[in-house]
Visitor: 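Just dropping this structure here.
Bear in mind that the values here come from a model prediction, so they are computed numbers and not experimental data. Chain naming here is simple, since letters A, B, ... match the order of the sequence lines and numbering starts at 1 in each.
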2 protein chains.
Amino acid sequence: MAGKIENITIIGSGNVAWHLSRALYNEGFQIVEFVGRDTEKTSAYAARVFAMPVLGLENMSKESDLYIIAISDDALPEIVAKMPEVEGIVVHTSGSAPLNILSRFNHYGVFYPLQTFSEGRTVEFEEIPVLIEANTPAAEDAIMDVARELTLKTYRISTEEREKLHVAAVFVCNFVNHMFTIGHQICASHQLPFDILHPLMLETVRKATSASPASVQTGPAIRNDQKTIAKHLSQLEDDQKEIYQLLTRHIQQTHR
Amino acid sequence: MAGKIENITIIGSGNVAWHLSRALYNEGFQIVEFVGRDTEKTSAYAARVFAMPVLGLENMSKESDLYIIAISDDALPEIVAKMPEVEGIVVHTSGSAPLNILSRFNHYGVFYPLQTFSEGRTVEFEEIPVLIEANTPAAEDAIMDVARELTLKTYRISTEEREKLHVAAVFVCNFVNHMFTIGHQICASHQLPFDILHPLMLETVRKATSASPASVQTGPAIRNDQKTIAKHLSQLEDDQKEIYQLLTRHIQQTHR
């Protein structure tokens, strides 16, 4: 490992691999190669950032300054075990895998962009928090320099702290989206346009990001409006009802 | 009831009464009076739109073109019963009260702004959907004209449809905000700044309002990533765990 990072190898062909490589390329880093199993995707992603597509870990370059492993947590142990020895810094991009899963390397770290990425959707990387951890101060400084090229929001976060943020992210992203899905289902089953609810959804998140969410809670649960709660329950399907009851109870407990 | 609405009486001194009166005033309607029980609030709200504060329903004007009852659903039957006879159109602003709760009047309707209002927070009324219903086409046209002065998003919606939207709103607003609250609690209990999650929260709602929410679901539940789910559960308190398990199961059922 030597000083400033210039050449980067990307391992993976999912959404994080794609969005991250594009952002790095735009900031002037050289994406040397894309290493993947999916020939088509690997070639397509590589072509778009003028990198080489490489199939098979045994064929990857040993000369890159940084190796970014952007694959699912489940596949991480196997890929790490199969990688060749390298002198560059090896990082993973996972919210929940520990730092030391990479301990077979000399220089390693975590480079976790805390955002939800989807295919075909452009996100402004400069708004995305990047959470950094590494096995040595030198490695941490080197990957922090990379992160700072992409975003103003960089954080030094331990494995334990990252795990907590990852759980919190499930609530504020995955579960929130599922609440939107149920709202959408209710509208669809009564031929009502879901976009009537869009302004409410947008204002809800604006409020919760400009004050403490608990302080802006509204609705029948916090008002303990039993009449409305009963009316709502009578209109829901069984599984929606179960969610409505549990969350109503928990809102009331939280605000007691 | 005669033609175009110019003079308006507001009954109530909550957030909807305040936001709505301000928006109407800004569009050139004359807010004649604010009728409330809370002397201080009624006077304060009235003063800000150059209206008269009126304490007691028996003292309200009988000459207004429109009476907007913006109070809690629970208080609605009592207020309706106590109001004097009036010739103007009487509307309520409730998402779940039926139209015919106002049937003792000659001209009546519903004027429901589908948004979450908080004290001290300005919302752009032109972005807010207003759901309209009335007992006659003439009354409906008259209140629709008022709604169109405030917003581009007006809808003619029946009581039954409005009830469904109100239930859906609980999911996409109140329950979503509670998910944010739990995320905030997890951060707070580990001294992590909640604003690390803000970009994720904003992107989550942007995605769900630009595609069908089900189509952009991400996270361990939909991937059936049992390892991450188990790890998350081990980090949660009992009541958070119950919510995590139920929503994980429901996400998996929904996407099977």
Visitor: What are the residues of residues 243-256 of chain B, in order of number, with any heavy atom under 4.5 angstrom from a heavy atom of chain A?
Guide: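 At a heavy-atom separation under 4.5 Å, chain A is reached by B/Ile243, B/Tyr244, B/Leu246, B/Leu247, B/Thr248, B/Arg249, B/His250, B/Ile251, B/Gln253, B/Thr254.
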Visitor: May I ask you to say whether A/Arg156 pairs ionically with A/Glu133, meaning some side-chain N is under 4.0 Å from a carboxylate O?
Guide: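 No, this pair does not count.
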Visitor: Measuring heavy-atom distances to chain A, does B/Ala188 have an atom under 4.5 Å in its side chain, in its backbone, in both, or in neither?
Guide: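 Contact with chain A: none, neither part.
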Visitor: Is the side chain of B/Arg162 donor-acceptor paired with the backbone N or O of B/Ser94 at a distance under 3.5 Å, no angle test?
Guide: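 It does hold such a pair.
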Visitor: So which residue, B/Leu165, B/Leu200, B/Thr181, ends up with the most heavy-atom pairs under 4.5 Å with chain A?
Guide: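 Looking at each of B/Leu165, B/Leu200, B/Thr181 in turn, B/Leu200 comes out on top.
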Visitor: Quick check against the 3.5 Å criterion: does A/Ser13 have a side-chain atom that pairs as donor or acceptor with the backbone of A/Gly36?
Guide: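 Checked: no pair found.
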Visitor: Can you tell me which portion of B/Ile222 sits under 4.5 Å from chain A's heavy atoms? Options are side chain, backbone, both or neither.
Guide: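 Nothing of B/Ile222, per the 4.5 Å heavy-atom cut-off to chain A.
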Visitor: Any side-chain donor paired with an acceptor under 3.5 Å for A/Arg121 and B/Ser210?
Guide: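 B/Ser210 and A/Arg121 do have a side-chain donor-acceptor pair below 3.5 Å.
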Visitor: Considering only NZ, NE, NH1 and NH2 on the basic side and carboxylate oxygens on the acidic side, decide whether A/Lys164 and A/Glu160 come within less than 4.0 Å.
Guide: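 No, no charged N to carboxylate O under 4.0 Å.
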Visitor: With a 4.5 angstrom heavy-atom cut-off, which part of B/Ile182 approaches chain A: side chain, backbone, both or neither?
Guide: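 For B/Ile182, side-chain heavy atoms alone lie under 4.5 Å from chain A.
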Visitor: Which bit of B/Val216 comes within less than 4.5 Å of chain A, counting heavy atoms only: side chain, backbone, both or neither?
Guide: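 Looking at B/Val216, backbone and side chain both touch chain A.
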Visitor: Select, from A/Val176, A/Leu131, A/Ile157, the one with the greatest count of heavy-atom pairs under 4.5 Å involving chain B.
Guide: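 Ranked by contacts with chain B, first place is A/Val176.
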Visitor: Looking at B/Ala214, B/Gly219, B/Ala97, B/Cys173, which one has more heavy-atom pairs under 4.5 Å with chain A than the rest?
Guide: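 Between B/Ala214, B/Gly219, B/Ala97, B/Cys173, the count favours B/Cys173.
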Visitor: As an exercise: rank B/Ser215, B/Ser189, B/Ala168, B/Gly95 by heavy-atom pairs under 4.5 Å with chain A and give me the winner.
Guide: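 Option with the top pair count is B/Ala168.
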Visitor: If you look only at distance, which donor and acceptor atoms sit under 3.5 Å apart when one is on a side chain in residues 146-155 of chain A and the other is two or more places apart or in another chain?
Guide:
residue, atom, partner, partner atom, Å
A/Thr151, OG1, A/Glu126, O, 3.1
A/Thr151, OG1, A/Ile128, O, 2.8
A/Thr151, OG1, A/Lys153, N, 2.9

Visitor: What part of B/Val123 is in contact with chain A, defined as an atom under 4.5 angstrom from a non-hydrogen atom: side chain, backbone, both or neither?
Guide: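 B/Val123 touches chain A through side-chain heavy atoms alone.
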Visitor: Which one wins on heavy-atom pair count under 4.5 Å against chain B: A/Leu202, A/Ile196, A/Asp195, A/Leu192?
Guide: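 Going by pairs under 4.5 Å, I would pick A/Ile196.
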Visitor: For the OG atom of A/Ser21 and the OH atom of A/Tyr45, what is their distance to the nearest 0.5 Å?
Guide: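 Those atoms lie 8.5 Å apart.
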Visitor: Heavy-atom count check: over 12 atoms from other residues, nucleotides or ligands less than 6.0 Å from A/Glu40 CD?
Guide: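 Result for CD/A/Glu40: open.
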Visitor: When only pairs under 4.5 Å are counted, which of A/Gln185, A/Glu242, A/Gln240 shares the most heavy-atom pairs with chain B?
Guide: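 Ranked by contacts with chain B, first place is A/Glu242.
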Visitor: With respect to chain A, which residue among B/Leu233, B/Ile186, B/Val167, B/Asp74 yields the maximal number of heavy-atom pairs within a distance under 4.5 Å?
Guide: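 Sorted descending by pairs with chain A, the first entry is B/Val167.
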Visitor: Going by side chain to side chain contact (heavy atoms under 4.5 Å, CB included), A/Asn174 matches just one of A/Asn177, A/Val172, A/Val170. Which one?
Guide: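 The single option meeting the side chain to side chain contact (heavy atoms under 4.5 Å, CB included) with A/Asn174 is A/Val170.
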Visitor: Mind checking what makes salt bridge (Lys or Arg N to Asp or Glu O under 4.0 Å) contact with A/Lys231, not counting sequence neighbours?
Guide: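 Once residues adjacent in sequence are excluded, the partners of A/Lys231 under the salt bridge (Lys or Arg N to Asp or Glu O under 4.0 Å) criterion are B/Glu163.
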Visitor: Tell me, please, which residues at least two apart from B/Glu127 pass side-chain contact (heavy atoms from CB on, under 4.5 Å).
Guide: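 Per chain and number, B/Glu127 pairs via side-chain contact (heavy atoms from CB on, under 4.5 Å) with A/Arg206, B/Glu124.
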Visitor: Give, as side chain, backbone, both or neither, the part of B/Thr228 having an atom under 4.5 angstrom from any heavy atom of chain A.
Guide: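 Only the side chain of B/Thr228 comes within 4.5 Å of chain A.
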Visitor: Are any of the side-chain nitrogens in B/Glu237 or B/Lys241 under 4.0 Å away from the carboxylate oxygens of its partner?
Guide: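 Judged by the 4.0 Å cut-off on N to carboxylate O distance, B/Glu237 and B/Lys241 do not form a salt bridge.
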Visitor: Using 0.5 Å steps for rounding, measure from the CD atom of A/Glu203 to the CG atom of B/Leu114.
Guide: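 Result: 12.5 Å between the selected atoms.
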Visitor: Heavy-atom pairs under 4.5 Å with chain A - which of B/Ala169, B/Gly183, B/Pro193, B/Pro199 has more of them than the others?
Guide: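 Highest number of heavy-atom pairs under 4.5 Å: B/Pro199.
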Visitor: Using a 4.5 angstrom heavy-atom cutoff, name the option from B/Lys207, B/His184, B/Gln226 with the most pairs to chain A.
Guide: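 Result: the option with the highest number of such pairs is B/Lys207.
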